[in-house]
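This report concerns only the one structure given below.
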Number of protein chains: 2
Amino acid sequence: MVELSEANAQFIAERFKALGDPMRLRLLQALRAGERSVGELAERTGGGQANVSKHLQVLLQQGYVDRRKEGTTSWYRITDPEVFTMCNLVCGGLEEELGRKRKLLRRR
Amino acid sequence: MVELSEANAQFIAERFKALGDPMRLRLLQALRAGERSVGELAERTGGGQANVSKHLQVLLQQGYVDRRKEGTTSWYRITDPEVFTMCNLVCGGLEEELGRKRKLLRRR
DNA sequence: CCACTATATTACCACATAGTCATGGAGCAG
DNA sequence: CTGCTCCATGACTATGTGGTAATATAGTGG
């Protein structure tokens, strides 16, 4: 494992932070099926064009997605499906969380 | 895998966001060896007491750490070592990133 | 009760971020 | 060239976040 120096903590935190936004997660989800243009992604996620474009820059900079330009349209795609492994890991935590909440509700 | 509904995207994003801060990553790293008190963590991470305490609340609320009170001191510990699996995954990305940067530097 | 220690919480400030609107640039059809 | 489409970027605002200092809470020993 990479040593968690101060500089590395900064890098790793930024990688996590890039995944810490619902819109960006939905973008990744939408890209799961394959390459998509910005317009398609805006439509599928229900976000504004500018907003989607900016979020894609974040994912691009962190290397989660890749871009291919064709004419005036930009095609984005997942670079490393490993990102979904991480989603599954936190989803595990999510299921526990939901279980905990269901318990709490039952207790009342 | 959990369906990525709007509500779930929110939950998952918050779990990622909790890991998206250098101080919180250093706290988890410091807890890797075992249980630690807030004071110990403040000393090891070089953070202020109030700040460390607040970050620990975030990790606690997201279920990454657990707390045990003994007298006036609170002992925190990792609840699920799975979190380090995630760190290793993003560290993989980090190594690629560093590799990319080294290449860029060599190119000059 | 008093002082001391350890932690949590509050108030506050500086700064970052998400969202939207408007604009700019670049390809493409006519 | 003109107009159109698609995307990126900048300005702006509202909201969120990290850090710190001060205060509150609570246990402990005298």
Side-chain angles (χ1 to χ4, degrees), chain A residues 4 6-7 9-31 35-77, chain B residues 4 6-31 34-77:
Chain A
L4 195 60
E6 180 49 33
Q10 189 72 40
F11 269 116
I12 300 176
E14 277 172 22
R15 286 188 65 82
F16 276 123
K17 208 184 310 185
L19 299 180
D21 180 89
M23 172 61 86
R24 286 196 287 270
L25 290 179
R26 278 185 287 154
L27 287 171
L28 290 173
Q29 175 74 11
L31 287 170
E35 218 174 31
R36 293 272 181 268
S37 72
V38 177
E40 289 173 344
L41 290 170
E43 191 184 0
R44 281 167 186 263
T45 61
Q49 178 266 321
N51 196 25
V52 166
S53 181
K54 286 207 291 190
H55 281 298
L56 286 170
Q57 304 316 305
V58 175
L59 293 173
L60 184 62
Q61 201 204 333
Q62 287 301 319
Y64 288 118
V65 301
D66 201 0
R67 181 174 53 184
R68 177 176 69 87
K69 294 200 174 185
E70 187 185 42
T72 68
T73 104
S74 289
W75 297 94
Y76 284 86
R77 58 187 167 80
Chain B
L4 195 61
E6 181 48 34
N8 284 350
Q10 189 71 41
F11 269 116
I12 301 176
E14 277 171 23
R15 286 188 65 82
F16 275 124
K17 208 183 310 184
L19 298 180
D21 180 88
M23 172 61 86
R24 287 196 286 271
L25 290 179
R26 278 184 288 152
L27 287 171
L28 290 173
Q29 175 75 12
L31 286 170
E35 219 175 29
R36 293 270 181 270
S37 71
V38 177
E40 289 172 345
L41 290 170
E43 191 183 1
R44 280 167 187 262
T45 61
Q49 178 267 323
N51 196 25
V52 166
S53 181
K54 284 208 297 187
H55 282 297
L56 286 170
Q57 304 316 305
V58 176
L59 294 174
L60 184 63
Q61 201 204 333
Q62 288 300 319
Y64 288 118
V65 301
D66 200 359
R67 181 173 53 183
R68 176 177 70 86
K69 293 200 175 185
E70 188 184 42
T72 67
T73 104
S74 289
W75 297 94
Y76 285 87
R77 60 189 166 79

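All of these numbers come straight from a predicted model, not from anything done at the bench. Chain A is the first sequence line, chain B the second, and so forth, proteins listed ahead of strands; every chain is numbered from 1.
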To the nearest Å, give me how far apart [atom1] ([X]) and [atom2] ([N]) are.
X	N	atom1	atom2	answer
Phe16(A)	dG18(D)	CZ	P	15 Å
Glu14(A)	dG18(D)	CD	C1'	15 Å
Met23(B)	dG18(D)	CE	P	11 Å
Gln10(B)	dA18(C)	CD	C1'	12 Å
Lys17(B)	dT17(C)	NZ	P	11 Å
Arg68(B)	dA8(C)	CZ	C1'	18 Å
Leu25(A)	dA18(C)	CG	P	12 Å
Asp21(A)	dT17(D)	CG	P	11 Å

*Given Lys69(B), Arg36(B), Arg67(B), Glu35(B), the one that forms side chain to side chain contact (heavy atoms under 4.5 Å, CB included) with Trp75(B)*: Glu35(B)
*Could you encode protein contacts along nucleotides 1-13 of chain D as a string, one character per nucleotide from 5' to 3', using B for base contact, S for sugar-phosphate-only contact and - for no contact, with a heavy-atom cut-off of under 4.0 Å?*
-----SBBB-B--
Looking at every heavy atom in both [X] and [Y], which two are closest together, and how far apart are they?
X	Y	result
Arg26(A)	Ala9(B)	CG-CB, 4.3 Å
Ala18(A)	Gln62(A)	CB-CG, 3.7 Å
Leu60(B)	Asp66(B)	CD1-CA, 4.0 Å

*asked:* Just so I know, are the side chains of Phe16(B) and Leu25(A) near enough to count as touching, which here means a heavy-atom distance under 4.5 Å?
replied: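 Contact flag for Phe16(B)/Leu25(A) side chains = yes.
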*asked:* Any heavy-atom pair between the side chains of Leu28(B) and Leu19(B) that's under 4.5 Å?
replied: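 A side-chain contact exists here, since the closest heavy-atom pair is under 4.5 Å.
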*asked:* Please tell me if His55(A) has a side-chain N or O lying less than 4.0 Å from either OP1 or OP2 of dG19(C).
replied: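 Yes, His55(A) has a side-chain N/O under 4.0 Å of OP1/OP2 on dG19(C).
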